[in-house]
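Everything on this sheet refers to the single structure shown next.
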Amino acid sequence: MEKEIETLSKKILMDLDYNSKDLCIDMYYKNCGLKKPEINLQKECEFKPYFYVDTSEPKEIYDYLDGLNQEIDLKKLEPEFENNTSLKVQDLITNIEIIEKIVYSDYILNGKDISEVSDFKNKKERKICKVYVKYPNHVKIIREYFKEFGKSYEFDIPFLRRYMIDQDIVPSAKYSEDNKIDNSIPELNCIAFDMELYCKKEPNAKKDPIIMVNLFSKDYQKVITYKKFENSEYNGCVDYVKDEKELIQKTIEILKQYDVIYTYNGDNFDFPYLKKRANIYEIELDFDNASNSQQPQIIKISKGGINRKSKIPGIIHIDLYPIARKLLNLTKYKLENVVQELFKINKEAVDYGDIPKMWETEDTTLLRYAYEDALYTYKMGNYFLPLEIMFSRIVNQPLYDTSRMNSSQMVEFLLLKRSFEQNMISPNRPSSSSYRERAKFSYEGGYVREPLKGIQEDIVSLDFMSLYPSILISHNISPETVIYEEKERENMELGIIPKTLNELLSRRKHIKMLLKDKIQKNEFDEEYSRLEHEQKSIKVLANSHYGYLAFPMARWYSDKCAEMVTGLGRKYIQETIEKAEEFGFKVIYADTDGFYAKWDYDKLQKGKKEENDKSDKLSNLPKLSKEELIILTKKFLKGINEELPEGMELEFEGHFKRGLFVTKKKYALIEDDGHIVVKGLEVVRRDWSNIAKDTQQAVIRALLEDGDVNLAKKIIKNTIDNLKKGNIDKNDLLIHTQLTKNIEEYKSTAPHIEVAKKIKQRGDSVRVGDVISYIIVKGSRSISERAELLEYAGDYDINYYIDNQVLPPVIRIMESLGISEDELKNSGKQFKLDQFM
DNA sequence: GATTATCGGGG
DNA sequence: GTGTACGATAATC
């Protein structure tokens, strides 16, 4: 009895899954009121699959089907039928209803003639047939039979998604006893799961055993293994089992006690591998965690395009790899790279090839590596989870799914939900032919202005706050409004895209206000962090709407809209630049939604001579201080923002002491606190030698910190001199390139391929994925043939390093300052000539 | 320079 | 599961 009362206090909808055996939706709730929370399974069997057929008369449908007299190909149908006597399409239809709906497709052009498009300003519901069928997986097959009859709609929305949309189910949220949603982020029990294998080549689940399972949660942090590591300082972190079979069994026993499992690439690797190994030992993989369920829950590996997805019903598997890929912008997404980015920690990496040896020699490096893999997976999971929960709630789809969706897919589900709420029938996805047609479409993007090259001082950076979303709203751009003239569009009801965006941005504005209030009151509590995550996720979703319109797979695709948005974007930025220059700024560089500018002293000089100085008092000063420049900038912003449409705002982003502008998309800036920001210049790329990277970095630093061109020149000259004198650590000359396929598969040759061949000839092994580090040595053969490993390298090729490594990254920078390649190259010689004279 | 192919993460 | 990637970079023309 006491338990019952507690149970009522709060429950969280954790996970949902379509159960094809029971033809129902399994809903996993977590009861939070209990001392030990418990998962409960509820079955939803009332919801029935359906789709729409464009006719107002059910009889027409039956007559048509009778006329067809088509028997269904039973092979296509599963689950199997009780009696496989002949089946007709109409036997699988359970009901046809006439309902009133707004058919969105009526209002969009999409290849039609303009005369066939209905007027959105007079949009209204019309009669259409809602066709119910017996089984969800029959919808698509049955729909095929209607192709000759007429249009059908919403036949490809997965059953579970359909249910979430129609019933307004909010996942990963707390429900109180009166079924109201509580906004706080639920406390979930999370565990990170990772494993190590014994394998000498590519892992093969038939023979390569799992040797360690690494688990990390709030109350359990262990590496489970079956080989005793003697004298290890890590003994406290190790749990021993008898063998691999016991290892797998123990892993399942522990994992099933948690709500959330974090992995890094578990979709494609850990779970499929675990499943295969468990099959070998005939272990029943039962992850069932619900107190009242009777069926075993096993890992479901489904195909998602090229990749796989691993789902355990009732437990939320969060694979952090796809999340890191969509939320971070890195060149590499190995676990170490992401850990470095998020926590600024250099995580030790282990070469996979060394694992067997470490295992045999009981090298504890392997234990530490295993332990840290789980630890950082856990930290990363906790870092991303609140944001992902917010995405799941806003989009209104299960966390498992939204965490694997890209932003366009999330926008689509958001729109499907809005469309349903507005009693609309959503447009269909494109056929494969129109998909190909759409994919070919290309259009002009943002405006990028050629920079004022060289070193600039005292720079302000200004940008539009969410430019594209605000253009979509203020110009009412949507597939159904785009056919109207500008004026007409702005005076009519908002289309679905601007309407959805408007709701999102108003919510974000409201949150921002609440946050400001909390900051003032110094309330950095749970509520604060929840709001912070919510506003962040709204920002991501709002910024994805423009991209969604140009996404060829989108239901609400519209190339016209996308083109219009970038066109208006270019107009706004160009007009703003003009106004900035009229005001007294000199714009140095602009890209899409923002620009860098300095104060134009030259123009003021001219202006003074021409007309007797009417400009602001401040501009009379010989040179503006940083504070004065910012005051002027804010004054300019105020004027601009008064003229801009509502919701659009140009913002002050920052002040920079100095900047170096090389070409479009290639520049570097130094902030007032000395922090350097580099864009598009190659310093970050791994395949260059240290000497090339270090020289470029030193040159950028010299130019930004001191504005000293001569110092930059000197740095380059010194490097060249040192190379000539042999005054260089050979390690700094190593060039690193990854082998991306087997040596035999390369059609052409390259230095790292030649080196890999040499390694093989010497009897050592090279594998796909190895990074080959080599030096180019002296000689007359081709460069590829002169590539050597450090230990076999003789004298290095001085000219190669000067011409192909050191100079290319710095030449463009120096050219932007008016210094030629010749001057840099010959400076050494000239120096010698000077000595002769 | 433009177009086509491949690769990613995990061990 | 009433479904499918995609975006960057290297290789090649």
Side-chain angles (χ1 to χ4, degrees), chain A residues 17-20 49-51 78 131 133 135-144 152-163 194-205 208-212 214 263-274 300 302-311 319-326 329-338 349-356 359 366 369-370 373 377 401 404-409 412-413 428-429 432 435 439 547 551-553 685 687 737-738 740-741 745-750 752-753 767-769:
Chain A
D17 193 38
Y18 171 57
N19 184 334
S20 56
Y50 68 86
F51 66 108
E78 275 174 60
V131 178
V133 303
Y135 302 102
N137 50 343
H138 292 174
V139 173
K140 250 198 137 171
I141 301 159
I142 293 169
R143 182 259 162 175
E144 296 288 314
S152 41
Y153 296 103
E154 301 203 355
F155 46 81
D156 56 357
I157 299 169
F159 189 52
L160 181 65
R161 309 237 182 279
R162 175 89 272 171
Y163 173 70
D194 173 57
M195 59 196 200
E196 311 302 327
L197 311 177
Y198 184 96
C199 65
K200 289 185 169 156
K201 285 181 216 147
E202 279 283 292
N204 176 354
D208 301 326
I210 301 168
I211 53 177
M212 290 175 180
N214 326 314
T263 64
Y264 198 78
N265 205 24
D267 268 351
N268 261 305
F269 189 76
D270 300 75
F271 277 121
Y273 205 93
L274 183 73
K300 293 188 189 171
S302 62
K303 243 188 156 169
I306 302 234
N307 288 328
R308 289 172 288 184
K309 296 199 286 192
S310 306
K311 181 173 170 72
D319 188 341
L320 296 159
Y321 167 61
I323 295 175
R325 288 204 67 148
K326 67 184 181 200
N329 187 14
L330 308 175
T331 46
K332 289 267 154 201
Y333 294 87
K334 288 179 180 290
L335 184 57
E336 303 98 81
N337 307 122
V338 179
V350 159
D351 189 324
Y352 300 142
D354 297 338
I355 292 177
W359 173 250
L366 182 58
Y369 169 73
D373 268 6
T377 304
D401 300 285
R404 285 161 179 77
M405 283 179 191
N406 62 31
S407 47
S408 282
Q409 287 167 310
E412 180 138 303
F413 282 106
N428 292 334
R429 306 172 78 163
S432 57
Y435 172 82
F551 171 51
M553 200 53 103
R685 298 197 36 165
D687 45 345
T737 317
Q738 190 177 31
T740 54
K741 47 189 168 187
E745 293 170 49
Y746 281 96
K747 283 177 215 147
S748 61
T749 192
H752 68 294
I753 298 158
R767 294 190 311 258
V768 178

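The model shown is predicted, which means the values in this text are computed figures rather than measured ones.
The OG atom of A:S310 lies 9.0 Å from the CG atom of A:N265; values are rounded to the nearest 0.5 Å. Between A:D401 atom CG and A:K309 atom NZ the span is 5.5 Å, to the nearest 0.5 Å.
Within 4.0 Å (heavy atoms only), A:R143 reaches no atom of the nucleic acid at all. A:Y369 comes within contact range of the sugar-phosphate backbone alone, with a heavy-atom separation under 4.0 Å but no base atom that close. Residue contacts for A:Y198: at a heavy-atom cut-off of 4.0 Å it reaches no nucleic acid atom on any strand shown. Nucleic acid contact for A:F551: sugar-phosphate only, since backbone atoms but no base atoms lie under 4.0 Å from a heavy atom of the residue. Contact annotation for A:I157: base contact, defined as any heavy-atom pair under 4.0 Å involving a base atom. Note on A:D194: only backbone sugar-phosphate atoms sit closer than 4.0 angstrom, heavy atoms only; bases stay farther off. Nucleic acid contact class of A:Y333 (heavy atoms, under 4.0 Å, all strands): sugar-phosphate only. Among the protein residues, A:D373 comes within range of the sugar-phosphate backbone only, with heavy atoms under 4.0 Å from sugar or phosphate atoms but none that close to a base. Among the heavy atoms of the strands, none lies under 4.0 Å from A:D270. Among the protein residues, A:I142 comes within range of no part of the nucleic acid, since none of its heavy atoms lies under 4.0 Å from any strand.
Comparing B:dG10, C:dT2, C:dC6 by their nearest atom to the side chain of A:L335 picks out B:dG10. The side chain of A:K334 has B:dG10 as its nearest neighbour among C:dT2, C:dC6, B:dG10. Of the candidate nucleotides C:dA5, B:dG8, B:dG10, B:dG10 has the atom lying nearest to any side-chain atom of A:N265. Counting only heavy atoms from C-beta on, A:Y264 has its side chain closest to B:dG9 among C:dA5, C:dT2, B:dG9. Here the nucleotide nearest the side chain of A:R429, chosen from B:dG9, B:dG10, C:dT4, is C:dT4.
In this model, the phosphate group of C:dC6 is approached by a side-chain N or O of A:N406 to a distance below 4.0 Å at OP1 or OP2.
Atom-to-atom, CG of A:D267 to P of C:dT4 comes out at 18 Å; the value is rounded to the nearest Å. With rounding to whole Å, A:K332 atom NZ is found 14 Å from C:dA8 atom P. Atom C1' of nucleotide B:dG9 and atom CD1 of A:I323 are separated by 14 Å, given to the nearest angstrom. If you measure from atom CZ of A:R308 to atom P of B:dG8, you get 15 Å, rounded to the nearest angstrom. Straight-line distance from the CG atom of A:D401 to the P atom of C:dT2: 11 Å, rounded to whole Å.
With contacts defined as side-chain heavy-atom distances shorter than 4.5 Å, the pair A:Y321/A:N268 does not qualify.
Under 3.5 Å, the side chain of A:R325 and the base of B:dG9 form no donor-acceptor pair of N or O atoms.
Using atom C1' as the reference point in both B:dG9 and C:dC6, the two lie 15 Å apart (nearest Å).
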